[in-house]
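To start, the structure itself, in structure tokens.
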Amino acid sequence: MGDVARIDKWLWAARIFKTRSIAADACKNGRVTVKGVTVKPSHTVKAGEVVSVRKPPITYSFKILKTIEQRVGAKLLPEIYENVTAPDQYELLEMSRISGFVDRARGTGRPTKKDRRAMDAFVGPSLEGGFDSFFDDWDDDEGDE
């Protein structure tokens, strides 16, 4: 069984995903492809195949050098796979880092206090005091009538 491995186990063992269940969910949701075809978690892979994993905002590509189903240390990863991700994908990653909190990813939760202050500083000058002063003035106007 050393020449083939389940894709979800390989993704977990190669440390591409933190847990095997996260790797299986990625396969079920169509974020993992082999030879351009989305695969199920039970799909078997062989050495030499290229696996593409979409982790927004970029798509990583890995060439399988060795099929494993047991997790290995980080120092042994160069023997397991070769990263063949296109350079333009890394440019997309850098652009998303530069943009920062402006395009906040869905599902990341509420902004922290620091994020909120940064957003107020970014938006605030155009509104002459930010959102709070706008609503304070609005509430005062309704009370006068």
Side-chain angles (χ1 to χ4, degrees), residues 1-139 142:
M1 181 126 178
D3 56 345
V4 295
R6 284 177 54 117
I7 187 69
D8 61 339
K9 284 186 179 182
W10 185 86
L11 290 169
W12 166 74
R15 297 179 176 265
I16 295 168
F17 289 103
K18 190 172 185 178
T19 65
R20 185 173 162 203
S21 61
I22 294 172
D25 287 341
C27 293
K28 289 176 189 172
N29 294 328
R31 292 192 296 265
V32 178
T33 60
V34 177
K35 298 179 189 172
V37 178
T38 58
V39 294
K40 294 181 179 181
S42 61
H43 181 82
T44 56
V45 291
K46 297 179 274 191
E49 291 183 332
V50 176
V51 177
S52 297
V53 179
R54 196 174 80 238
K55 286 185 174 183
I58 70 171
T59 302
Y60 295 95
S61 298
F62 305 102
K63 181 177 181 185
I64 300 174
L65 301 177
K66 185 177 180 184
T67 56
I68 57 170
E69 289 192 347
Q70 294 294 317
R71 200 159 171 107
V72 296
K75 290 183 178 180
L76 299 176
L77 291 181
E79 300 171 11
I80 306 301
Y81 66 82
E82 179 185 350
N83 189 351
V84 292
T85 306
D88 62 332
Q89 293 293 321
Y90 287 112
E91 290 174 14
L92 285 173
L93 182 62
E94 189 61 32
M95 292 302 289
S96 68
R97 280 193 191 138
I98 291 171
S99 67
F101 66 88
V102 175
D103 293 327
R104 193 170 182 81
R106 180 183 165 108
T108 56
R110 289 177 52 168
T112 63
K113 186 183 254 186
K114 184 177 179 181
D115 291 339
R116 182 69 196 159
R117 288 179 177 162
M119 283 189 276
D120 284 342
F122 181 73
V123 176
S126 64
L127 292 176
E128 302 269 338
F131 292 111
D132 295 333
S133 64
F134 173 76
F135 288 117
D136 289 341
D137 293 341
W138 188 53
D139 291 337
E142 282 190 15

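Throughout, residue positions are numbered sequentially from 1 according to the sequence presented.
- Of the possible polar contacts, one joining the Lys55 side chain to the Ile16 backbone as a donor-acceptor pair under 3.5 Å is found.
- Side-chain contact check for Val53 versus Phe17: some heavy-atom pair is nearer than 4.5 Å.
- Taking both residues in full, the closest heavy atoms of Pro78 and Leu65 are given as O-CD1, 3.5 Å, listed atom of the first, atom of the second, then distance.
- Between the side chain of Glu69 and the backbone N or O of Ala13, no donor-acceptor pair lies under 3.5 Å.
- A donor-acceptor pair is defined here as one N or O able to donate and one able to accept, closer than 3.5 Å; such a pair exists between the side chain of Arg71 and the backbone of Trp12.
- Scanning for salt bridge (charged side-chain N to carboxylate O under 4.0 Å, His left out) contacts around Lys114 gives an empty result, with sequence neighbours left out.
- A donor-acceptor pair under 3.5 Å links the side-chain atoms of Arg15 to the main chain of Val72, judged by distance alone.
- Of the residues Val34, Asp3, Val4, the one that meets the side chain to side chain contact (heavy atoms under 4.5 Å, CB included) test with Lys46 is Val4.
- Nearest heavy-atom pair across Asp8 and Pro41 is OD1-O, 3.0 Å.
- Taking OH from Tyr81 and OH from Tyr60, the interatomic distance works out to 10.0 Å, rounded to the nearest 0.5 Å.
- The two atoms that bring Thr59 and Gln89 nearest to each other are N-OE1, 2.9 Å, heavy atoms only.
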For residues 21-28, dump all side-chain donor-acceptor pairs below 3.5 Å to protein atoms at least two apart in sequence or in another chain.
residue : atom : partner : partner atom : Å
Ser21   : OG   : Thr19   : OG1          : 3.3

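- The shortest heavy-atom contact between Ile80 and Ala14 is CG2-CB, 4.1 Å.
- Screening Thr33, Thr85, Val84 for a side chain to side chain contact (heavy atoms under 4.5 Å, CB included) with Ser52, the sole residue that qualifies is Thr33.
- Legend: residues meeting salt bridge (charged side-chain N to carboxylate O under 4.0 Å, His left out) with Glu49, ordered by chain and number and at least two apart, are Lys35.
- When all heavy atoms are compared, the tightest approach of Ser61 to Val50 is CB-CG1, 4.4 Å.
- The distance from the CG atom of Leu77 to the CG atom of Asn83 is 11.0 Å, given to the nearest 0.5 Å.
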